[in-house]
> 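Quick one: structure below, then a few questions.
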Amino acid sequence: MDSSDRLMLDAKQAILEEQHRRFQALQKEGKWAEAMQQFQATMHCASDLLTDSLTLLERVLETHRRLPPENPQNGPLA
């Protein structure tokens, strides 16, 4: 995981939080039709963030699997 991956996940998290805040505001105001539309946008953002997080996790695991096993006494074997 590099800094661009982290930056992308942080940005998507911030977008999700803003979408959720909008949903809560509409719900509190009793604007149910608008709140349900916002809920769909919020769920889309959440899904996008989870998908990207899973993809990144799979990349990290694949990279980890390619590393040589470590010897506890001598450090990594090579």
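Since we're looking at a predicted model, the values are computed, not measured. Index from 1, following the sequence.
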> Look up atom OG1 in Thr51 and atom CG in Leu56, then write down how far apart they are to the nearest 0.5 Å.
12.5 Å
> Could you work out, with side-chain hydrogen bond (donor to acceptor under 3.5 Å, both in side chains) as the rule, every residue matching Arg65, not counting sequence neighbours?
none
> Check whether the side chains of Glu34 and Gln38 place a donor and an acceptor atom closer than 3.5 Å, and report yes or no.
no
> Against Thr42, only a single residue in Gln37, His20, Arg22 fulfils side chain to side chain contact (heavy atoms under 4.5 Å, CB included); can you say which?
His20
> What distance do Glu62 atom CD and Leu67 atom CG have between them, rounded to the nearest 0.5 Å?
10.5 Å
> Around atom CE of Met8, are there more than 12 heavy atoms from other residues, nucleotides or ligands closer than 6.0 Å?
no
> State, with a plain yes or no, whether a side-chain heavy atom of Gln27 is found less than 4.5 Å away from one of Phe39.
no
> Within the side chain of Ser53, is there an N or O that forms a donor-acceptor pair under 3.5 Å with the backbone of Leu49?
yes
> Mind listing the closest non-hydrogen atom pair of Gln19 and Cys45 along with its distance?
CG-SG, 3.6 Å
> Find out whether Leu16 and Lys12 are in side-chain contact, i.e. whether some heavy atom of one side chain is under 4.5 Å from a heavy atom of the other.
no
> Indicate yes or no: does Arg6 engage Asp2 in a salt bridge with an N to O separation below 4.0 Å.
no
> State the CG-CE distance between Asp48 and Met43, to the nearest 0.5 angstrom.
12.5 Å
> Does this structure show an ion pair linking Arg21 with Glu18, if we count only N-O contacts that are shorter than 4.0 Å?
yes
